[in-house]
Number of protein chains: 2
Amino acid sequence: MGSELQKGDIFQAIADPTRREVIRLLSVKNQSIAELSSHFEVSRNAVVKHLNVLTEAGLVRGEKSGREKIYQLQPEPLKELQEWLSYYEKFWYNKLTKLKYVVENDTLNK
Amino acid sequence: MGSELQKGDIFQAIADPTRREVIRLLSVKNQSIAELSSHFEVSRNAVVKHLNVLTEAGLVRGEKSGREKIYQLQPEPLKELQEWLSYYEKFWYNKLTKLKYVVENDTLNK
DNA sequence: ATTATATATAACCTAAAGGTGTTATGTCAA
DNA sequence: TTGACATAACACCTTTAGGTTATATATAAT
């Protein structure tokens, strides 16, 4: 049993390949549910569920327009991901940089 | 039923908060399974399972040393994440940059 | 008014994720 | 060589993620 179920977590949201594809599609152009669904093999309802997950993570926003609901990308939450990543960049920059980091911070243990 | 079950996927690997904490701990210093486990509430077996997932994603590497198994961070796969992210950076850089991008690429549709 | 279209809502199914406990097996220390 | 320690290997459990189908509601078009 997971201690804390984190709804709306960005890491969770982008974990699914279908959701990443939704994000990509919306980065190209705003689309209705129907139009989005046309790009996938899975059912429209499945796509809607993914859209709900993305909405809870703040990554997309749907706006009703007549009988359609148009979704648009909301990229801000990705900043959190970038911040998380930035901490690790120093490790792979290149071997020299890494060595420098290790020496400076005495991270070579045991 | 997901069409392609992607084992070893990096996005999947970092989706779990416990695994992210393992990554962080290993970024500070290499540790045995026992030492790693001491930082979590969950059982040692649970931690081992997370380590297996991380190993399959190429994010950590465990080396036997006597009766212990010492794990170390293997940050290279995070590059894939950064590449994925870099595509979206243009969207949030700042509103002016975003506007510039939209104008240049005619991404304002409908 | 009637029909077609787009989305919403709900019930349900299955596999996998994350967790547990128990029992080997290998290694170090007395 | 015996006991303690670290990990490995299993078997098992429960919840949730991702998917389905069916039915209802709202809007658009004829």
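Labels below follow one simple rule: chain letters A, B, ... track the order of the sequence lines, proteins then strands, and each chain is numbered from 1. Just so we're clear, the structure is a prediction, and the values are computed from it rather than from any experiment.
Rounded to whole Å, atom P of C/dA4 lies 19 Å from atom CD of A/Glu68. Note: CG (B/Asp16) to C1' (D/dA17) measures 14 Å, nearest angstrom. The CD1 atom of B/Ile33 sits 17 Å away from the P atom of D/dC5 (whole-angstrom rounding). The interatomic distance linking B/Lys64 (NZ) with D/dA9 (P) rounds to 10 Å, in whole Å. Atom-to-atom, NZ of B/Lys69 to C1' of C/dT27 comes out at 15 Å; the value is rounded to the nearest Å. Here the P atom of nucleotide C/dA29 and the CZ atom of B/Arg67 are 6 Å apart, to the nearest Å. Look at CG on A/Asn52: it is 13 Å from P on C/dA10, rounded to the nearest Å. The separation between A/Asp9 atom CG and D/dA17 atom C1' is 14 Å, rounded to whole Å.
Side-chain contact between B/Arg20 and A/Phe11 is present, with at least one heavy-atom pair separated by less than 4.5 Å. Side-chain contact check for A/Gln72 versus A/Glu63: some heavy-atom pair is nearer than 4.5 Å. Residues B/Tyr87 and A/Ile23 form no side-chain contact, since every pair of their non-hydrogen atoms from C-beta on lies 4.5 Å or further apart.
Counting any heavy atom pair closer than 4.0 Å across all strands shown, A/Ala46 reaches a base atom.
Evaluation of atom-type donor-acceptor distances gives a pair under 3.5 Å for the side chain of B/Asn45 against the base of C/dG21.
Geometric assessment of B/Lys90 against the ring of B/Tyr88 yields a negative cation-pi assignment under the 6.0 Å and 45° thresholds.
Residue whose closest nucleotide on DNA chain D sits further toward the 5' end, between A/Thr18 and B/Ala34: B/Ala34. Mapping A/Gly66 and A/Glu41 onto DNA chain D by nearest heavy atom places A/Glu41 at the nucleotide closer to the 5' end.
With hydrogens and angles disregarded, a donor-acceptor distance shorter than 3.5 Å links the side chain of A/Arg19 to the backbone of A/Ala13.
Between B/Ser43 and C/dT20 there is a side-chain polar atom (N or O) within less than 4.0 angstrom of OP1 or OP2. Here B/His50 reaches the OP1 or OP2 of C/dG19: one of its side-chain N or O atoms lies under 4.0 Å away. Note on A/Arg19: a side-chain N or O is less than 4.0 Å away from OP1 or OP2 of D/dG18.
With the end axes of the helix from C/dA1-D/dT30 to C/dA30-D/dT1 each set by five pairs, the angle from one to the other reads 20° at 10° resolution.
Just one residue in the list B/Val48, B/Asn30, B/Leu26 forms a side-chain contact (heavy atoms from CB on, under 4.5 Å) with B/Leu36, and that residue is B/Leu26.
Ionic pairing of B/Glu76 and B/Lys79 is not present here: no N-O contact between side-chain nitrogen and carboxylate oxygen is shorter than 4.0 angstrom.
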